[in-house]
Chemist: 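If you scroll down you'll find the structure; I have some questions about it.
All figures in this text were calculated on a predicted structure; none of them were measured in a lab. Within every chain, numbering begins at 1; the chains are lettered A, B, ... in the order of the sequence lines, protein sequences first and strands thereafter.
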Amino acid sequence: MEYNFREIEEKWRKHWAEQHTYHVSEDPAKEKYYVLDMFPYPSGAGLHVGHPLGYIASDIIARYKRHRGYNVLHPMGFDSFGLPAEQYAIQTGQHPAITTEQNIARYREQLDRLGFNYDWSREVRTSDPAYYRWTQWIFIQLYNSWYNKATNRAEHIDSLIASFAFNGTYNVDAAIDREWYKRMDLSRFHFGEHFSGEFTATDWDVLNDEQKGIILQHYRLAYLADTWVNWCEALGTVLANDEVKDGLSERGGHPVEQRLMKQWSLRITAYADRLLSGLDTLDWSESIKEMQRNWIGRSQGAMVRFMLHGHNGHIDVFTTRPDTLFGVSFITLAPEHELVKRITSPDHEADVAEYIRQTMLRTERDRQSDVKHISGAFTGAYALHPFTGEKIPVWIGDYVLAGYGTGAVMAVPAGDQRDFLFAKHFGLPIPNIFDGVDVSAQAYAEKTGKLMNSGFLTGLDVARATAEVIAELERKRIGYGRINYRLRDAIFSRQRYWGEPFPVYYESDTPRLLSENELPLTLPKIDKYLPTENGEPPLARARREDWTIYHGDRMEYNTMPGWAGSSWYFLRYMDPHNEANMVSPDRVKYWGAVDLYMGGAEHATGHLLYARFWTKFLSDRGYIPFDEPFKKMINQGMILGKSCILLRDTEHPDLYVSFDKQEAYVAAFPSGKGKSADDRFQHLRVDVNLADGDELHREGLRKWQPEFSNAKFYPDDGTFRCGHEVEKMSKRWHNVVDPEVLCDQYGADTMRMYEMFLGPVEQSKPWDTKGISGVHNFLRKLWRLAHDKEGIFSVNDATPTREELQVLHRTLKRVTDDLERLSWNTVVSALMIAVNELTALNSSNKTVLEGICVLLSPYAPHFAEELWSKLGHNSSVTAQAWPVYDMQYLEDTNFEYPVSFNGKTRFKISLPADMLPADVERAVLDTAEAARYLEGKTPKKVVVVPKRIVNVVM
RNA sequence: GCCCGGGUGGCGGAACUGGUAGACGCGCUGGAUUCAAAAUCCUGUUCUGGUAACGGAGUGUGGGUUCGAUUCCCACCCCGGGUACCA
């Protein structure tokens, strides 16, 4: 009987499920290994061939580690809160939970089909109340925490309260917005209008609970505040920075605008420095680490205060080049800057108002795409240079962003190209402060050379000048050295239904938290999944009695963003059914951080950053014993679709031309309208499944869609070729390949091996079904080795020959080495070579096949189980120890040395493998061939690299 | 612009610390088997000159280090990804 993958795969799939083969439990006697896949969002479309790539790779490592004796945690779950289910609910009125449930069932079926060794008893779903109960619990912990910069970790809010009661803000060094006090309604406090955020223990003591609460709000790691947010009208919700790309929403590409809204935020900025330095300890790809570094965007510089001339107050600027302070010729404020209104002089009011109006008209996207255009307006106000006292004009310009630094820059045209262009455009002075540098044509941004015309900094280099100027600023208390981050706090509210409800209610607009033992707060039923008539989030539709818990005047109507549940799910797998804890301390200690994390690189600045943030927080608060969640990560590449392009003659709409016959066709049938060949053909995308490689099935096309039913072809016989375009897999381009079709045709084992064989997992590559037959043939060849011509199982259990053992042990070494360095693709080649060699030896030795069977099992588990049981074993091959290779079978007794003369290989000589280099040299030089190439001359030098090569230099 | 990755046959790719470049697979060539086909097996397949033996060139380009470079160094070109008036 031939290799019947259908029967075999079904049999073992059932067997594994019945026997709970992949169930794992904590076992202190064994070393643990945690392999994790990024869990999928169960969309309605199901899996395509690109999805399983990473799952197959991690499954192979999980199985391999299990063979090596590790206790392997390899779970799977679903990131089941999200937009598509909600949008479907809006259209159909069906509850998102139902859609989600259906999609999960389909995903589960498709995943099972591929034979993954997940322990499904540990499955988690972020939309399950038993799970999001703990997401809500973490939110409460964040709310009840502040970041103590002195200890450099998050602490319970009680330690802050104790400090305030003991000594006020004195000695409190918290991660907090430096200007938080400006956003307080001071009329409710006794501090007076010069309040700078500092108070004494006595001040604190006289505050009532509500007032204390307002102040504490500014210190919490989860806080409610008026925040500039990315509002997306089309989606009806705010978006986090990482959900916005080029001023458009990442999902759907809708325009996004800035709005001031009261929103929950998480103080991720408190962790900016640790998130940055922690990267150095991680075994992640350099590109992801770099993306996170850029996203966090640390820049070192100084804060400088410019007093206003003729007004009270000052402008603070952040600069990375405090050394160029003497080159300042103007100051630019962001048009949104709070001072603009107050300082603009009456004669410039009209200009400034007009400029602001124009700026506001332009969307964020316009402002970004049009960076060449220089614009701005003079406010008529002046600031004073902190050292020279010179009057410096204050301008506004939209190249200054309100959201970064202080929303104000000190412009040094000689040292910054943007300032330079602005100065040129408006005819502002460009004082040169760089000795021996010409700044008449462009700014000098290099950090080398010496300063001039710079007061006490003249003659110094950048490093010295920077140090000196910061020291002087700090001495005069008009500035200080400062590190600035691009990273913003993470907006945590979404105006959606299908997400985690906040464990929050309000008493006269003051947020209150539910107690931990009231959790979970489940989603209430609502009639429609749309915002209310007055623009409140969908949850505002719920009636009081629809909530399982209801306190205060109202509940919180926002829900948490999609990344809330995915920021800690890797912890829940360790202890998924624990009702008393997020995860028990014993279990989290045993399993520890994820050893290998597999997933797409698109989460670099979203999920991966948030998960690191939460891990650090939970670690600070003592709930888990590690502060980086993913030790090693591999990012699988995208599998792209290969679209099939068909050429249609624009003059004969039913006529299609083979791709390789374009010129012949145009020559044979010249266009009546004198069109060139390029204009002659229309490029159509047709279903890739109609093509076998390059060749298109004519009949298939005619039947595919009605518009092709009358198709005529040139040429009409022989091979008809189509063109190709590599692009993202999408229904639109008819280039989606369904893994189920391939599983039906070749089996899951072939599918798994082929996806690995395609190339390095990290690389993006076009899917090409053509090569799959090679891998399928490999499995069939191996099958035939263990079966006779009639298909009856037949192996010989004689002692294997040395040749057979050499094949086995060489393969063993290659496969082991390759798996250890995560080279998935080369393992397949090694196995193919082994089978080819055994076929050539006509060997079906039982011992050898047993070895190969174990090596194969991570890649083709169904096949391996079948063969293993046929070889007479009762145990599962999964439980089998990984074989160890024996050096004595890795070498031949003789080694064939290639002999080179001046680097060119001339002949080969077979010598004993253990011969010493000096003897090899003598033996080589004694040969007749050597004499021929030496032509009587003595070689200058002979290099013998053991077991490699002999190079004779003449 | 800046940062990160990467350029190897007709194609996907291999070469782990500098040591026979092109493993393995696809495709293609020729052959065996077959009435025929499928399936299977064998052979060849970097380009180029040559019937062949054999020779020349060759890992994006140019240079360098080395007995020896796909691998290390310098400069440049191209492709992919990220990011951007970030002060």
Chemist: Is any side-chain nitrogen or oxygen of A:Q417 closer than 4.0 Å to OP1 or OP2 of B:rC85?
Modeler: no
Chemist: So what's B:rA23 paired with, Watson-Crick or G-U wobble, going by both distances under 3.5 Å?
Modeler: none
Chemist: Has the side chain of A:R612 got a donor or acceptor atom that lies under 3.5 Å from a matching backbone atom of A:L275?
Modeler: yes
Chemist: From C-beta outward on A:R780, which listed nucleotide comes closest to its side chain: B:rC41, B:rA39, B:rA87?
Modeler: B:rA39
Chemist: Checking base pairs now: Watson-Crick or wobble, both atom distances under 3.5 Å. What partners B:rU66?
Modeler: none
Chemist: Under a 3.5 Å cut-off for both distances, is B:rA39 Watson-Crick or wobble paired, and to whom?
Modeler: none
Chemist: Under 4.0 Å between a Lys/Arg side-chain N and an Asp/Glu carboxylate O for A:D818 and A:R821?
Modeler: yes
Chemist: Check the distance between B:rU83's C1' and A:W295's CH2 and give it to me in whole angstrom.
Modeler: 10 Å
Chemist: Give a yes/no on whether any side-chain N or O of A:N777 is located under 4.0 angstrom from OP1 or OP2 of B:rU40.
Modeler: yes
Chemist: Could you please name the option among B:rC41, B:rA14, B:rA87 that lies closest to any side-chain atom of A:N825?
Modeler: B:rA14
Chemist: Among the candidates B:rG82, B:rC24, B:rA87, find the nucleotide nearest to the side-chain atoms of A:M291.
Modeler: B:rG82
Chemist: Taking any heavy-atom pair under 4.0 Å as a contact, classify A:P766: base, sugar-phosphate, or nothing.
Modeler: nothing
Chemist: What does A:S287 touch in the nucleic acid at a heavy-atom separation under 4.0 angstrom: a base, only the sugar-phosphate, or nothing?
Modeler: sugar-phosphate
Chemist: Do the side-chain N or O atoms of A:N836 get closer than 4.0 angstrom to the phosphate oxygens (OP1, OP2) of B:rG25?
Modeler: yes
Chemist: Has A:K941 got a side-chain N or O lying under 4.0 Å from the OP1 or OP2 atom of B:rC67?
Modeler: yes
Chemist: With rounding to the closest Å, how many angstrom separate the P atoms on B:rU46 and B:rU83?
Modeler: 43 Å
Chemist: Using whole Å, what does the distance between atom P of nucleotide B:rG82 and atom CG of A:N294 come to?
Modeler: 13 Å
Chemist: When the nearest nucleotide of RNA chain B is assigned to A:G297 and to A:A840 on a heavy-atom basis, which residue is associated with the more 5' position?
Modeler: A:A840
Chemist: Pairing check on B:rC2: which nucleotide meets the Watson-Crick or G-U wobble criteria with it, both distances under 3.5 Å?
Modeler: B:rG82
Chemist: Nearest whole Å is fine: how far is B:rA87 C1' from A:N484 CG?
Modeler: 9 Å
Chemist: Using a 4.0 Å cut-off on heavy atoms, which residues in residues 752-759 of chain A reach RNA chain B? List them by number, or say none.
Modeler: A:F757, A:L758
Chemist: Considering every strand and a 4.0 Å limit on heavy-atom distances, what is the contact class for A:D419: base, sugar-phosphate, or nothing?
Modeler: nothing
Chemist: What is the base-pairing partner of B:rG49, counting Watson-Crick and G-U wobble geometry with both distances under 3.5 Å?
Modeler: B:rC54
Chemist: When the nearest nucleotide of RNA chain B is assigned to A:R821 and to A:G407 on a heavy-atom basis, which residue is associated with the more 5' position?
Modeler: A:R821
Chemist: For A:Y404 and A:S299, does a side-chain donor sit closer than 3.5 Å to a side-chain acceptor?
Modeler: yes
Chemist: For B:rC4, does either OP1 or OP2 sit under 4.0 Å from a side-chain N or O belonging to A:R293?
Modeler: no
Chemist: Calculate the interatomic distance between A:K447 atom NZ and B:rC2 atom C1'; express it in whole Å.
Modeler: 14 Å
Chemist: Consider the side chain of A:M832, meaning its heavy atoms from C-beta on, and name the nucleotide among B:rA14, B:rC16, B:rG25 that approaches it most closely.
Modeler: B:rG25
Chemist: Is there a side-chain contact between A:R486 and the phosphate of B:rA87, meaning an N or O under 4.0 Å from OP1 or OP2?
Modeler: no
Chemist: Under the side chain to side chain donor-acceptor pair (under 3.5 Å) rule, what do A:Y485 and A:T269 come out as? Steps first, then yes or no, please.
Modeler: CA-CA 8 Å; A:Y485 295 95; A:T269 48; over 6 Å; no
